[in-house]
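Working notes, structure below.
Chain letters run A, B, ... following the sequence lines, proteins first, then strands; residues in each count from 1. No hydrogens, no waters, no symmetry mates; every other heavy atom, side chains included, goes into these values.
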Amino acid sequence: MAKEKLMVTPPPHLRSGETIASSMRDVVVALIPAVIAALVVFKVNALFNIALCVATAVAAEWLTRKALKRDNTIGDWSAVLTGLLVALVMPATAPWLHYVIAVVVAIVVIKELVGGLGLNIFNPALFGLAFVLICSGFLAPWTSKLGTFPGLFDGATGGTPLTFIKHGMEGSSAAPSLLALLFGNRTGGALVEVGAFWVLLGGAYLLYKGIIRWVIPISIIATVLILTYILGGDGVYAILAGGVMLGSFFMATDWVSSPMTPYGQAAFGILIGVLITLIRLYGAPSGAVAYSILIGNAFVPLLDRLFKPERFGAVAAA
Amino acid sequence: MEQAGKSKTFRGGIHPPYHKELASGKPITPAPIPEELIVPLQQHIGAPNEPAVSVGDKVTVGQVIGSSEAFVSAPVHSPVSGTVKAIEEVPNFTGARVKSVIITPDSSQPPFSGTPRDTSSLSAEEIRDIARSAGLVGMGGAAFPTHVKLSPPKDKPVDTVIINGCECEPFLTCDHRLMLERTSDLVEGLKLCMRAVGAERGIIGVEANKADAAEALASAVSAEKGISVEVLEVKYPEGAEKMLIFALTGRKVPPGKLPSEVGCLVQNVGTAIALAEAASTGKPLIERVVTVTGPAIKNPGNFLVRIGTPISALVEAAGGYLGTPAKLIMGGPMTGWAQPDDRAAVVKGTSGVVALTLDLAAEEMERECVRCGKCVEACPMFLMPNFIVRSARRGLWDEAESWGALDCFECGCCSFSCPSAIPHVQYVRKAKAEIAARKKK
């Protein structure tokens, strides 16, 4: 036998086959329905934004790691995913430089400068979005006048669906119907907010593939639903409008920036749900989901320790 | 036998690919006696043995060749009749250099001739003596001396003896074959264990993927008082002592404690059969069943192998290698030892030799932990393995201990599940060694 070829490594000698790359790729696959919906509504604007964000993300990660003399990690799909998520959470109509700034902040500052994937505290894509939101205050309603390629879609001028929550006008005729929020909202918001249903499809896929667990999305959605009703709003409208679905299934479930134990995840989800509802009703109508998840991210180290599992047998009365 | 409803199990664990079909249908066949046997003088957990023979001595099969006065030890017997060629330090399957007796077998091998004995009247003390003088150790891999296990502390009475018929390690099928082919010996072994510790209840736990064995055992124990067969969910590590006790009795062995703490004793299938054999004929532990399998083995099978047989001879008995093996494992693929070559010898605790091809053995590059929590979800001890790793990487051994490094029994579920290909078990071993070294100071 060719003895020199035998591999000697510590056990276990079998692996599940799941890798960072395979999981990230699955998340990208899960976003396909939402991407198609965005392309249908925003046409070439969406295509341009997505291409720009993904290309910027890949280039930024490659350059940063090269400059820091680290391994090339482009192959793990994480930069692609971050770029795609930034494109999806920004409106179709922002100036192109805003996308580039958001992506560079996400990849370079939030992820690579703290050591790379796994060491970041905050969700990179959401931090990029929040940075641009705060710095430029640009989040304009969708109109046919703006965008890199204007005039290609029919957008309404006026507030985003979230302005109606803030003013308690979810039921007014100007507000989108629940059906529109599910399948084809054109009132305003981010690229991904075309329809909650398309995001839910992807969320179901992630659950099926075991990439995410149900605790975080369900606790966020349930909290927003119930608390909005308690505070006198329309709970169903609240969970379908804006970024609740994307935030719950794709952002708050980000492995790196969420707690690892079931109870920790439930506490994390409830915290985020409370923040979303309160910020929307009493604070800024836009960006509530992003801010809430980022605040939640900051609590993760605490939640991991607070909800550390009781080790096997430790509580047994012998 | 459990008929309906959910089969018993524990929380956590994984579902690895099992590949049991390679060898599960192959009846146990005796492997040829090799040209040379390497018999390590220490094959158990505990005090080392001193050689009882010298170079040039003629030895007969079953003769004691190494022993110790210490309580926690098990003597070693000559697996064949032959001549002691050398007594020297040889790397064992873990790579550690262990003083070993090297025996050249005679060309003709008389079978072991024992004295038949009526086992029905043996006392607890006699059963323990038989286990000790036969050199019995746990044959599932841990190799803890059996007579010590059969001597639980007076203040912790054992009421339940469990036979571990889970064989939850992928690929391995030796226990499965033993349960099918040595059914009545297994039941006899269980009864002897129960008598030795004064237990009223005996349970044989079998994973659901060995339904034929469970059925055979169920009909064999149908007339036995206090003995039952339970079917367990197919999940790794169902056969880990603490998990098995919990699944079958609902009792939880506290951290750092032994099963006797909760009135249980767990025995491996092979050990129980060896005990029955030793009791009825006086035959010491000189051979065992080893599964030789894997995609890089031509004719996978289950072999009755003399202790001291090198892997190479065993592979030959299984038709040789198929293609080029990428990894050769002594034991199961979840907890076994990767071999640098095929020279190591079978010991009492060797359950299998698994030869993997590159598609199964390939290792991903270790990445930073991405905190996915899969290790936390998989850990049957409810630890946070990634935090043990994080502490170990920084050399923070107290912190590693506070995250439960010492409670880890190294099942490998964490590393199996890890998308970052982190070798948690390696870090845990390092942490255990460091923590132990600091406690000595």
Can you tell which part of K257(B) gets under 4.5 Å to a heavy atom of chain A, answering side chain, backbone, both or neither? neither
Between CG of L383(B) and NZ of K308(A), what distance do you get to the nearest 0.5 Å? 9.0 Å
Against chain A, label W337(B) side chain, backbone, both or neither, depending on which of its atoms sit under 4.5 Å from a heavy atom there. backbone
S258(A) backbone acceptor or donor facing R371(B) side chain under 3.5 Å: yes
Using non-hydrogen atoms and a 4.5 Å limit, figure out which bit of S415(B) sits close to chain A: side chain, backbone, both or neither. both
Does any non-hydrogen side-chain atom of L356(B) lie less than 4.5 Å from one of M7(A)? no
Rounded distance [0.5 Å steps], CZ in F312(A) versus CZ in F10(B): 9.5 Å
Pick one of side chain, backbone, both or neither for P380(B), based on which atoms fall under 4.5 Å of a heavy atom in chain A. backbone
Measure distances from P259(A) to the heavy atoms of chain B and classify the residue's part below 4.5 Å as side chain, backbone, both or neither. backbone
Measure the shortest side-chain to side-chain distance between S417(B) and E18(A) over non-hydrogen atoms and say whether it is less than 4.5 angstrom. no
Interchain contact, I14(B) with chain A, by part (heavy-atom threshold 4.5 Å): neither
Interface residue of largest heavy-atom contact number with chain A, from E410(B), K374(B), H424(B), under 4.5 Å: K374(B)
Verify the neighbour count for atom CZ of F382(B): are there more than 12 heavy atoms of other residues, nucleotides or ligands below 6.0 Å? yes
Looking only at non-hydrogen atoms, find the nearest pair between L6(A) and P325(B) and report the distance. CD2-O, 3.6 Å
Rounding to 0.5 Å, atoms SG (C408(B)) and CZ (R311(A)) come to a distance of 11.5 Å
Please classify the contact between D304(A) and chain B as side chain, backbone, both or neither, with a heavy-atom cut-off of under 4.5 Å. both
Provide the closest heavy-atom pair for P12(A) versus G412(B) in the form atom of the first, atom of the second, distance. CG-O, 3.4 Å
Please determine whether the number of non-hydrogen atoms from other residues, nucleotides or ligands lying under 6.0 Å from atom CD of E316(B) exceeds 12. no
OH of Y236(B) to CG of L14(A), rounded to nearest 0.5 Å, is 9.5 Å
Can you check whether V425(B) reaches P10(A) side chain to side chain, under 4.5 Å on heavy atoms? no
Among the listed options N120(A), T19(A), T253(A), I20(A), the residue most often paired with chain B at heavy-atom distances under 4.5 Å: I20(A)
For R70(A), look at atom CZ and say whether over 12 heavy atoms of other residues, nucleotides or ligands are found less than 6.0 Å away. yes
Over 12 foreign heavy atoms within 6.0 Å of CD1, I121(A): no
Side chain, backbone, both or neither: which part of M384(B) has a non-hydrogen atom closer than 4.5 Å to chain A? side chain
I212(A), part contacting chain B, at a heavy-atom distance under 4.5 Å: neither
Distance (rounded to the nearest 0.5 Å) between L360(B) CG and H13(A) NE2: 12.5 Å
Hey, which of S22(A), G118(A), G115(A), S16(A) has the most heavy atom pairs under 4.5 Å with chain B? S16(A)
In sequence, state the C-alpha distance, the side-chain angles, and the governing distance for R367(B) and L117(A), and then conclude on side-chain contact (heavy atoms from CB on, under 4.5 Å). CA-CA 9 Å; R367(B) 293 277 310 259; L117(A) 183 69; 4.1 Å; yes
Spatial distance of atom CZ (R15(A)) from atom CD (E364(B)) [nearest 0.5 Å]: 9.0 Å
Does any non-hydrogen side-chain atom of R429(B) lie less than 4.5 Å from one of P11(A)? yes
Using a cut-off of under 4.5 Å for heavy-atom pairs, which of C413(B), G336(B), P423(B), C369(B) has the most such pairs with chain A? G336(B)
